Amino acid sequence: MVSSTSVASGHEVQERQEVTPSNQERTNSKSIDSQQGTSTEPVDSPASVASSQFNSNIPAIPFVSRGCVPPSPSPPTPTTVQAPTAVVHIQAPTIPEVPAPIPDPDSTSIISSPSPTPAAVSIPDPTPNPDPAPVFEVPASAPANSVLVVPSVPAPQLSPTPSLDSYPKPLSKVASVVEQNPVDSSQLPASRMTRSKQKDTLENEEEDKKVWTYDPAEYLKDVLANHNGVVLVKAFKEYEKVFGVPSSRVSFNWLPND
Amino acid sequence: MTNIHIQQVKINVDGAPAALKQWASKRGRDVWAEPNKLTSGHSQETLQWYLSLQPDSRSKTWPPTYDHDYDPSKWDNLRKSGPNGLYLVLMSLSWIPSSSGAPDDLENLNLMVNDVIWVMNSLVKHFQENRPLTSGSSRKRKSDAASGAAKRIKSA
């Protein structure tokens, strides 16, 4: 896309050929052309003039074409040079008379091109889009001022809409959940529930398994002999048979059976 | 079995005589040892402690009434068994003759012994009258009856 309208003299071209080694090729091409007899004189064609002017500004850098038709070693003819100028001519189109579509903030399927669009159009996205997948290109046969209708594609969401469930639950909510689902008390270990009761039971078992050196029943019968002790001991033995601890837990001499 | 475990809990000795607390706190309770803290007021202390273990209807007057309105929940304080149960009450009663020779104390001792006898007999009687039948025995009877009927049918 280089356009040049300036005209340079042939001396400048000669100087460029002496300085830049990249122009050695062009010199060779000229020598070839001279062998073919077409032309040995420097040509003041627009393309050569443009390239000469370009190279005169940046003498040390070799010519690199970017998006343009590279300079061919063939003799520069006006037909080959005018290709970019034709593109330049396209760049000044008439203002499109297509009514501007009503901008719909919710819809991204219709993209109008108010700016003059060449045949090959790539829609640049000014906003950084993390998903560069939807790149639409208009075929070359499409008219320049046409309205580009992009197939409706679900708009990529930069960040999904956060819902309440996506946020981490605070501790208070977790505590409430725990309160709503109380743990069954039967699933708790027995050691946590009846620790004191187990302690009492263990103490009782330890005392029960001691070997008693005397018979409590005989002792009570002797001491309370004058106070209805015999009946008392008999009732006490019956009471212990009904409500008492198992005989396997009680040590010797603790209320032996008659 | 659950009732038996409830009975095994220690009897409350908060209001017990000092001599009984000392004796009960000793580790060598299985070995006979005379409590050395016996005082002349041991009889009254034993009486007050014994009444505190009774149901409310029997703890106000002395001698207590003998109309037995048995409610298991009201007798839980006294219905204890084993070396830490009602046996402690009997031991405290047994020390009254050696602690005091007063006639009133000996009279109270006789009343308390008779009351303890009545209480133990009442609890045992109520338990035996209201003892639930075990499911195993009822099943056994039913199975025996069924097998007998089957045998009669076969023989016929």
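Note: hydrogens, waters and symmetry copies are ignored here, and every other heavy atom, side chains too, is used. This one's a predicted model, so the numbers in the text were calculated from it and none came from an experiment. Residue numbers start from 1 in every chain, and the chains themselves are labelled A, B, ... in the order their sequence lines are given, proteins ahead of strands.
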Identified side-chain contact (heavy atoms from CB on, under 4.5 Å) counterpart of H227(A) within the set L93(B), N110(B), L111(B) =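 That would be N110(B); it is the only one of L93(B), N110(B), L111(B) passing the side-chain contact (heavy atoms from CB on, under 4.5 Å) with H227(A).
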Please check if atom NZ in K21(B) has more than 12 non-hydrogen atoms from other residues, nucleotides or ligands closer than 6.0 Å.
->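 Counting other residues, nucleotides and ligands, NZ of K21(B) exceeds 12 neighbours.
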Is it the backbone or the side chain of E238(A) that comes under 4.5 Å from a heavy atom of chain B, or both, or neither?
->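 Contact with chain B involves both backbone and side-chain atoms of E238(A).
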What part of L232(A) is in contact with chain B, defined as an atom under 4.5 angstrom from a non-hydrogen atom: side chain, backbone, both or neither?
->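 When you check distances to chain B, atoms from both the backbone and side chain of L232(A) fall under 4.5 Å.
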Cation-pi between R58(B) and Y66(B): NZ/CZ under 6.0 Å from ring centre and within 45° of the ring axis?
->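 Output yes; distance and angle both within limits.
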Checking heavy atoms, do the side chain of L90(B), its backbone, both or neither come under 4.5 Å from chain A?
->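 Both backbone and side chain.
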In terms of ring plane angle, is the pair H42(B) and W95(B) parallel, tilted or perpendicular, where the classes change at 30° and 60°?
->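 Rings of H42(B) and W95(B): tilted, as their planes differ by 30° to 60°.
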